[in-house]
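Per chain, numbering begins at 1; letters A, B, ... match sequence-line order.
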Amino acid sequence: MTPETGAADAKEEFKVVGSRQPLVDSWKKVTGAAVYGDDVRFPNMLACRVLRSTLPHAKIVRIDTSRAAAMPGVRGIVTGADAKARFGVLPISQDEEALCIEKVRYVGDIVAAVAADDEAAAAAAAAAIEVVYERLPEYTDMKKSAERVAAPIHEWTSDGSNVQKRVDQHFGDVPGALASAAVAPKATFRFMGVGHQFTEPHAVVGVPEPDGRISLYTPTQVPHYVHKALAKVLEMPMHRIRVFRTAVGGGFGGKSDPFPHEMAVCLLARKVGRPVKLVFDREEVFLTNRGRHPGEISAQIGFDAHGKILAYDLDAWIDGGAYASFGVVTTYYNGTLSQGPYRIPNFRYSGRRVYTNKAPCGAMRGHGAVNCRYAVESVIDMACEELKIDPIELRLLNALPAHTKTLNGYRITSNGIVECLTRARDESGWAAKKGKLPFGKGIGVGCGFFISGSALPIHKSRTPQSTVHLKIDVDGGITAHSMGAEIGQGSDTVIAIAVAEILGVPMDFIRVRSEDSDTAPLDLGAYSSRGCFMIGNAAREAAIVVREKLARAAERVTGHPAGDFEFADARVTARSDRKVSLSYFEALTEALADHGAIAASGWYQAPRMGSDYKGAGAGLAPAYSMSAFVAEVDVDLETGIVRCTGVWAAHDCGRAINRLSVEGQIEGCVHMGLGQVLGEEMRYSGGRVSNPSFLDYKILGPKEMPDVRVLVVESNDKEGPFGAKESGEGPLLPILPAVGNALYNAIGMRATSLPVTPDQVFAHLSKLRKSGAGFRKTWETGQGC
Amino acid sequence: MLILPEFKLERPKSLAEALDAARRADGKCDFLGGGTDLLCNYKWGINTRPVVISLRGIAEMNRRDGRRVGGGVTLASLERDADFLDAFPGFRGALARLASPLIRETGTVAGNILLDTRCIWLNQTEFARKALGNCLKADGPECRVVKGSTDRCYANYSGDTAPLFMVHGASARLASPRGERSVPLTSFFRIDGITRFVKERDEVLVSLDMPPDAAEIRSSYQKLRVREAWDFAEVATAVGVRFDGPASKKRIGELRIVANAVASIPLWLEDVAKPFAGRTLDEATIDAIGDSVTAAVQPVRATWLPPSYRKQMAGVMAKRALREIAAGVA
Amino acid sequence: MPNKSLVTLRVNGATYEVAVRPHDTLAQALREGCGLTGTKVGCDLGTCGCCTVIADGRPVLSCLTLALEAEGKDLRTIESLARGAELHPVQEAFATCGGSQCGYCTPGFVMTTVSLLEHEPSPSRERIKDAISGNLCRCTGYVKIIDAVERAAGRLRAARAPADHPSLQPQG
């Protein structure tokens, strides 16, 4: 079936959509009943610990497990010899091994896994495994690693360097446009890596079933990709493998790869014939990483004298660490996702992803778009200063319209950027504050633009990206089956709301089962902010099928035409004659007669779109979210400590299916983005992560959180379910530049290195003190706005 | 999950039993207070010992008795002790900004005084220390912060209560099989990240004893850290002032300064403080004291923020503490 | 290896005899020995608060408490709060206000909040921020957690107040 256009939705009055619904699984979470990876228990279960490489780059000469195998309580050990197949989340870069085969590529690479009676025995045995390494040159500096090197980290990098991916795009005439620009500010920005650092460490259980199948219990965002990778590594057909998604204690992209440890625990379980559980400690979460790439981004933007954008010229170097993960996509996104929310008539981008001997980077909330967004929005503010144009005015001047195409071929549908900017401006009191705050206090703006689900599946396929099954039997309850990964973002609740809305039944009629690959229809998982748009559409479609069945049943009972019935308050009522009405159960009883349980399927497949140049698919989405945030900062002029004191967060989510979740996602994005700009960084010593703990990795606490005023903008996307678009990732983008621009406004410091640390700020303030310029705003010294 | 190494747990009910347990362990033991410091180090496999002697069952250590604060008193109960805070209001802010509320519920006063020194190289798992290279304090050949140092550890001390107890003139009451002794806190610490203090391995820090005139000192503790919870001090300064004559005249009779988290022990800056006796506590004096504190400290790269910055901030924290004291008597 | 010994833990009003080793933490004993897996372990080092339980009325980090040391204490975990399907007001507030997303930190936050509101029925927003600052949440940005604590405080106050006092009736 074809998804109905949402046009009708625009006129409808919704009963459930748009309300504030507690997450349908929240009762499990607030009572401690939710079962996370570490809560899974089986009889006869063994504990696993892994042996990790302590060297950044080395050949494995020999592994001797004999001493470890003889230790008390040890039941089995697997090494690289037990699995030859390589895997990875992207089909084009399958460079990971369940356990390192010939060499180790970073400190933390898994070399062996031990199953034993308890964790202590497993840990002791892992430590007793003898590995003889031959050290190889270590490449930890991204730029040096991009040169021709003696021992490339992976053999398939073509030119003897460790460059994994190059992207070069040029649309229009960038040099020409820059030459004609009135102003063309340029800056280079450096970003430290940051990590997802969900509170639940990875914890998985592999179970050998009595019939020879293998089950994996894992808190994953991508059960389907894990399933595919397991089939490859275990060399078993997919139908002989079951992936059970446990409750996921936070993901943010950090549980969206098939992982070596997931493979290892299944290999062990199969080898020893008993369930095997592996629970990571916090340090192992840092070593597993897949966080946001550290990197260096240069941006030059040309404007005419009125402030119209003429050209973008971007250059991004990203440090991938030891494996590819989502890196090919990240390499594209760092440039391509800066194509909105402004009209850009000329665009050039050069991107490089380089392998280094460090913990592998991957996809993290706002994937690929965050650092580039910071660079672009900072340079835009530099232009505002030169042109003496208000930053919000200039952004409004350049705003993309709705229903258009970008230069690189993105199809823009709904677009609430103008409303985002004006509401953030008005609600924040921008006019009264901009240029009027004392030295040390500042206000700034930043925008965002993000995909609402990747239009192209990772594996080329004509299978829909989301399918939802509904089952209704005599009890009247509606079971929704989906493999959409609930990770706390509320995708199960979106399914329930969509079904409740269409069928007019209370929320407690619906139970969502989204854990088990044996029963759930395919869904690609929780990444690229695709859940609400795609799963929501699939759930809505499935519910419409059920509604039609019930309407036809109502017609059989009443003789009234099926097309005239509406569904609300658990009743089926004729629009043209309110007296013709029967209860949901009466309609259901008729629908079940002679047929048995209702089974219905709905699916979503993104429409074909985009251009045909190389890389045209990167960043294509059926819809895009837009956002504009205003932030205020307060700088302690003695210590250089920066606090964000207020955020006005306007985000165009198309329509808020669940307003509570939309607000929660935006507030969470503010927190995570603020962390990256004011505190979080993964530090390295050589190739080794040197701050792998919550004490040394500075996630902000409640006292660092500003007041956040969420401004929900609803542009009603015609293809989104009930008009909805994403709100889980896009709102992370604008907070970084909003704070960076506010910091500039406060003390005249352009933060070109994130995170902004107190010592950087203090050094800037000291320079001002010594220069005699003193603590005056830039406009007071005649430097612009 | 990080699991604790094996050890034998002794749970004495009296000080005598605790000291006896320590004697039986022949020094191969650690005393356990709240555990929020020791058990982390144990989980990291840092200097673990086969016997752990819990002091929680020793009733006399778990209460405050006038000017005597039992070593086992939790930081949270001290924070809730209105009489104590009325007498020593400088502790109010220090306790409220110590670690996190959950750590304070379990962490004890003695545990905080004896807080192990910390370092970016040291406070890591065994795996990380193997990968990063071990340090002097954890069985390595040399200090990683000050390269080449094979006899002295430069790990950082960041206990928040010791500097305040010092400016109030408190003494540490220590008990061992050899008897009891009382050591002024100002001579309790010994500059080295491993040795740290004069307390012997088999000695228990039973209580902190304030002198009779302790409440005459007006004190403030100012601390800088990246986050307002969890983080240890990157730099902090405690200041104590005994005013000469009516406090409202702000004439400094005696000045006491402890620079904290800039060395392996809290630094008692007697020479910095002395010249300011007799001066009026005005902005000029405050600035001069702050500058002297900055000049006197020499932090090293053992914490999150760079030492040059922390050096500057030691003075800023001193100024803030002095301003708070001045404001309190205005 | 030191032998396991039986320790008697009083948890949620029930008595558990659990075999523990001297170096087992209370978190391990609760999860593995008592089967109470609602208590979570997130960082092992006291810096996330996921493992918070209540001991003798105050919140403690069960990952940094030895199981043997918990003997004789009145312990309460997340499992103690709901009465059948009726959630404790703090639990209800975390669900209703969106104070729980992925949920992994939730048991710890709930126990911290329960203890806070037992001692301080009317905390200000600033005081709530202080009190929960030992618990880490990666999802919510804390905004809705603070909302939840406020809502729970209101409902608990109302429940304690005389029924004829209209201004103290439960909200929502």
Side-chain angles (χ1 to χ4, degrees), chain B residues 1-11 13 30 32-46 48-57 72 74-77 79-80 93 95-107 111 123-125 225 227-232, chain C residues 1-3 5 7 20-28 31-32 40-73 108-109 111-112 115-116 119-120 126-136 142:
Chain B
M1 194 167 59
L2 279 177
I3 46 183
L4 282 164
E6 289 165 20
F7 52 74
K8 181 169 182 240
L9 180 69
E10 300 271 8
R11 300 182 63 206
K13 291 278 170 274
D30 273 308
L32 175 72
T36 51
D37 184 33
L38 186 79
L39 295 184
C40 291
N41 281 351
Y42 268 46
K43 285 186 178 184
W44 283 323
I46 298 171
T48 61
R49 295 191 167 79
V51 179
V52 169
I53 304 166
S54 169
L55 303 174
R56 287 203 208 197
T74 66
L75 296 159
S77 60
E79 196 183 355
R80 292 191 279 264
L95 288 166
R97 279 176 272 142
L98 192 155
S100 82
L102 292 172
I103 300 276
R104 297 199 293 273
E105 285 293 346
T106 326
N123 297 98
Q124 302 273 0
T125 63
R225 52 181 175 167
R227 301 175 293 185
E228 288 302 311
W230 298 302
D231 291 345
F232 286 94
Chain C
M1 179 178 288
N3 287 330
S5 56
V7 61
V20 298
R21 291 164 301 193
H23 58 279
D24 283 344
T25 63
L26 177 58
Q28 285 172 296
R31 288 180 53 81
E32 310 305 327
K40 305 300 178 198
V41 176
C43 77
D44 293 308
L45 300 167
T47 39
C48 74
C50 291
C51 66
T52 307
V53 300
I54 296 177
D56 292 340
R58 296 289 181 183
V60 301
L61 294 158
S62 64
C63 80
L64 292 181
T65 303
L66 297 177
L68 288 172
E69 296 266 88
E71 193 166 21
K73 291 191 188 299
F109 268 101
M111 297 317 283
T112 297
S115 171
L116 169 71
H119 295 98
E120 300 175 45
E126 276 313 299
R127 174 62 192 131
I128 293 168
K129 283 189 187 183
D130 268 327
I132 63 169
S133 63
N135 295 78
L136 187 147
Y142 305 101

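- With a 4.5 Å cut-off on side-chain heavy atoms, B:Val52 and C:His23 do not count as touching.
- Shown here are the ring pair (Phe, Tyr, Trp, His ring centres under 6.0 Å) partners of B:Tyr42, two or more places apart in sequence or in another chain: B:Phe7.
- Between C:Leu45 atom CG and B:Asn41 atom CG the span is 9.5 Å, to the nearest 0.5 Å.
- Of all heavy-atom pairs between B:Lys43 and C:Asp44, the closest is NZ-O, 2.8 Å.
- Interface remark: of the candidates B:Ile103, B:Leu9, B:Leu39, B:Leu2, B:Leu2 forms the most heavy-atom pairs closer than 4.5 Å to chain C.
- When each of B:Ser100, B:Cys40, B:Ala229 is scored by its heavy-atom pairs under 4.5 Å with chain C, the top score falls to B:Cys40.
- Taking each heavy atom of B:Trp230 and C:Thr47 in turn, the nearest pair found is NE1-O, 3.3 Å.
- For the set C:Asp130, C:Leu66, C:Thr25, the entry with the most heavy-atom pairs within less than 4.5 Å of chain B is C:Leu66.
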Inset, instruction - Could you walk me through whether B:Ile3 and C:Gln28 pass the side-chain contact (heavy atoms from CB on, under 4.5 Å) test, one step at a time? - result: CA-CA 9 Å; B:Ile3 46 183; C:Gln28 285 172 296; 3.8 Å; yes
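- Proximity to chain B (any heavy atom under 4.5 Å) is restricted, for C:Thr112, to the side chain, taken from C-beta onward.
- A salt bridge is absent between C:Lys129 and B:Glu228; no separation between the charged side-chain nitrogens and carboxylate oxygens falls under 4.0 Å.
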Taking distance alone, no hydrogens or angles, what donor-acceptor pairs closer than 3.5 Å link side-chain atoms of residues 49-60 of chain C to residues at least two apart or in another chain?
unit_1	atom_1	unit_2	atom_2	d
C:Thr52	OG1	C:Gly49	O	2.6
C:Asp56	OD1	C:Asp74	N	2.8
C:Arg58	NH1	C:His119	ND1	3.3

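- Interface remark: B:Arg97 contributes no atoms to any contact with chain C (heavy atom separation under 4.5 Å).
- Taking C:Val41, C:Thr65, C:Leu68 one by one and counting their heavy-atom pairs under 4.5 Å with chain B, the maximum is reached by C:Leu68.
- Atom CG of B:Leu102 and atom OG of C:Ser133 lie 8.0 Å apart (nearest 0.5 Å).
- Nearest heavy atom pair, residue B:Ser54 against residue C:Glu69, reads OG-OE2, 2.7 Å.
- Scanning both residues, C:Ala131 and B:Pro101, for their nearest heavy atoms gives O-CG, 3.8 Å.
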